[in-house]
There are 2 protein chains.
Amino acid sequence: MAFSALIEDFKSVDTSSLVDKVEAKLVQLLKDRKLKVGDSIPKEIELAESLGVSRTVIREALLRLRVMGLIESKKKKGAVITSPDIFGIIGKSMSPHVLDQDTLRDMFELRLILEIGMADFIFQRITPEDLAELKKIVGKEPDATQDYLFNIEHEIAFHGKLYEITGNETLRKFQRMLLPVFDYVHHSGLLKKQINNKRFVSHRGLVEIIENGSPEMFRNAMRNHLENHFSRLFD
Amino acid sequence: MAFSALIEDFKSVDTSSLVDKVEAKLVQLLKDRKLKVGDSIPKEIELAESLGVSRTVIREALLRLRVMGLIESKKKKGAVITSPDIFGIIGKSMSPHVLDQDTLRDMFELRLILEIGMADFIFQRITPEDLAELKKIVGKEPDATQDYLFNIEHEIAFHGKLYEITGNETLRKFQRMLLPVFDYVHHSGLLKKQINNKRFVSHRGLVEIIENGSPEMFRNAMRNHLENHFSRLFD
DNA sequence: CCGGAACCTCAAGTCTTACATAATACGAAT
DNA sequence: ATTCGTATTATGTAAGACTTGAGGTTCCGG
């Protein structure tokens, strides 16, 4: 079919803007050069001249890379490669208000998935100090009647510590990004079912399992601990 | 100490650039106005005038929002709000080559966490059609001696289907982002331990559990299924 | 009355030039 | 030699002009 081939050709005319092309070229340049973090790239003017476009276009392309966290530009040094802090970047752009409801719900679920799934890493990497700190945290565990804000604070401290124990920095960042979303979903009217405050496995119980149990036991206990959230999703 | 207080004061001097401020103002504007997707924001020139800065600055601020996926600008229409596709955005910026080793390893682990943690959602939301498709996929499960590429393809098909079953679109996007990273880490020399090809619980076994078992059983089976990866991390 | 072609308009995209700012390098002065 | 100031340099900000392409309008022909 000469026709479909032709269509394909038409499709392939680049509808992309100048900046798009430059951006692609720069990214490719970065990849090719096997750049390391801290390495610096040519000056804006040099790039402009060598690519035959204005400095404006170069700046816009560089700006994109900067927003994506690929580079960082200093006043005199020019631009240097940086290791992108993925979730830091998204975190900025992602306040709950701008996300649609489906995504919000998805992220709510994502937290549950993570905390159940990370059992093995907790057991593998926990140190005696970690355990001591966990015990200290649950030592102050408030009962259900206690002040609401204090409960929240305690929740964050405990679960945050668990993430920390996994030794997975990316996971922690991810959690920090999820945190406001989770809170938002939890309290906005997004989930129809009411908040259930039955207590299942407590933080104390989880720590007990971390100390004497297995990842398998922990997963089940955590699943149980999170039952209040699950029931709002599933019932 | 008057000194440290002074230092604190000095820290609080506004080191942010003009564009930073404008960006913040715009984001705030978006939040305040309770904008809906598809709504459009003022023209660049108007913004420039009303904020008292040059169009250049406005453009850069807008560009940031665009890169973050908050807005989209058309030739004549001006800029309109869009629902940000979080992982789509990062996916673009995030080829394995630009990530440092720790982050790569973190993301490798993240996949393991997700697949173990998502058990409940699979059981809750699977449909008979999903189950049939899973069976069809494992029906073609290659044995270990088979062609390497075919194995990869099969892996992706099977695990990808599991993500799909969870009904969590954000999770799927996250996985698609993780995929190349996982593959990269798996084959680069990042993990010292050799690839182990012992077979543990098979895909077939997982499907069997999905059909007749419980989330609890599935988590353990999946943990076992992924043992080859875990052992490379832990041993 | 309707369809559509030619034209117009507008806002974003691109380019150019000029100046401001901040970090570094280097040299002079104490 | 240390310190201060100055020159240099590359990014940051500004302003103005021109280009482009998508939307709207007019007006002609059916």
Side-chain angles (χ1 to χ4, degrees), chain A residues 10-27 29-30 33 35 37-82 84 92, chain B residues 7 9-27 29-30 33 35 37-82:
Chain A
F10 275 129
K11 265 188 187 169
S12 74
V13 299
D14 51 354
T15 167
S16 61
S17 98
L18 230 188
V19 179
D20 289 330
K21 294 179 199 123
V22 172
E23 179 196 355
K25 259 210 146 38
L26 287 178
V27 170
L29 184 98
L30 298 198
R33 292 275 183 90
L35 48 96
V37 172
D39 203 358
S40 67
I41 60 183
K43 295 178 283 194
E44 293 178 351
I45 295 191
E46 289 176 12
L47 287 173
E49 283 171 2
S50 80
L51 292 183
V53 296
S54 79
R55 194 179 146 220
T56 310
V57 172
I58 295 290
R59 276 188 64 76
E60 236 186 89
L62 286 179
L63 174 54
R64 290 189 188 179
L65 302 189
R66 208 162 53 216
V67 173
M68 295 190 294
L70 290 184
I71 66 174
E72 190 171 292
S73 40
K74 289 280 190 180
K75 267 287 165 67
K76 159 136 186 182
K77 293 282 269 203
V80 298
I81 311 292
T82 67
K92 281 191 53 176
Chain B
I7 301 269
D9 263 14
F10 276 129
K11 265 187 187 169
S12 73
V13 297
D14 198 354
T15 171
S16 63
S17 103
L18 229 188
V19 178
D20 289 329
K21 296 181 197 114
V22 171
E23 180 196 354
K25 256 208 147 38
L26 288 179
V27 170
L29 184 98
L30 298 199
R33 293 276 183 86
L35 48 96
V37 171
D39 203 357
S40 66
I41 60 183
K43 294 178 282 193
E44 291 180 352
I45 294 190
E46 289 176 9
L47 287 172
E49 283 171 2
S50 81
L51 292 183
V53 297
S54 80
R55 191 174 153 225
T56 311
V57 173
I58 294 291
R59 277 188 65 77
E60 241 187 80
L62 286 179
L63 176 54
R64 290 190 190 178
L65 303 191
R66 209 164 45 209
V67 173
M68 294 190 297
L70 290 184
I71 64 173
E72 191 172 293
S73 41
K74 290 278 189 180
K75 267 286 167 70
K76 159 136 188 185
K77 294 280 271 202
V80 299
I81 312 291
T82 68

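Below, chain A is the first sequence line, B the second, and so on; all start at residue 1.
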Minimum heavy-atom separation for [X] to [Y], with atom names?
X	Y	result
Ile71(A)	Ala79(A)	CD1-CB, 4.1 Å
Val57(B)	Val19(B)	CG1-CG2, 3.8 Å
Ser40(A)	Val80(A)	CB-CG1, 3.8 Å
Ala61(A)	Leu26(A)	CB-CD1, 3.9 Å

Spatial distance of atom [atom1] ([X]) from atom [atom2] ([Y]) [nearest 0.5 Å]:
X	Y	atom1	atom2	value
Leu47(B)	Leu29(B)	CG	CG	7.5 Å
Lys25(A)	Ser50(A)	NZ	OG	9.5 Å
Thr56(B)	Leu63(B)	OG1	CG	12.5 Å

(message) Going 5' to 3' along DNA chain C, which are the first and last nucleotides with any atom under 4.0 Å from a heavy atom of chain B?
(response)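 So the outermost contacting nucleotides come out as dT9(C) to dT14(C).
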(request) Give the B/S/- string for nucleotides 16-24 of chain D, one per nucleotide from 5' to 3', where a protein heavy atom under 4.0 Å of the base yields B, of only the sugar-phosphate yields S, and otherwise -. (result) -B---SBS-
Calculate the interatomic distance between [X] atom [atom1] and [N] atom [atom2]; express it in whole Å.
X	N	atom1	atom2	result
Glu49(A)	dA10(D)	CD	P	12 Å
Lys74(A)	dA10(D)	NZ	C1'	14 Å
Ile58(B)	dA14(D)	CD1	P	9 Å
Ile71(A)	dA10(D)	CD1	C1'	13 Å

(message) Here's a test for you: under side-chain hydrogen bond (donor to acceptor under 3.5 Å, both in side chains), which of Glu44(B), Glu60(B), Glu49(B) qualifies with Arg55(B)?
(response)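 It is Glu44(B), the one option of Glu44(B), Glu60(B), Glu49(B) that forms the side-chain hydrogen bond (donor to acceptor under 3.5 Å, both in side chains) with Arg55(B).
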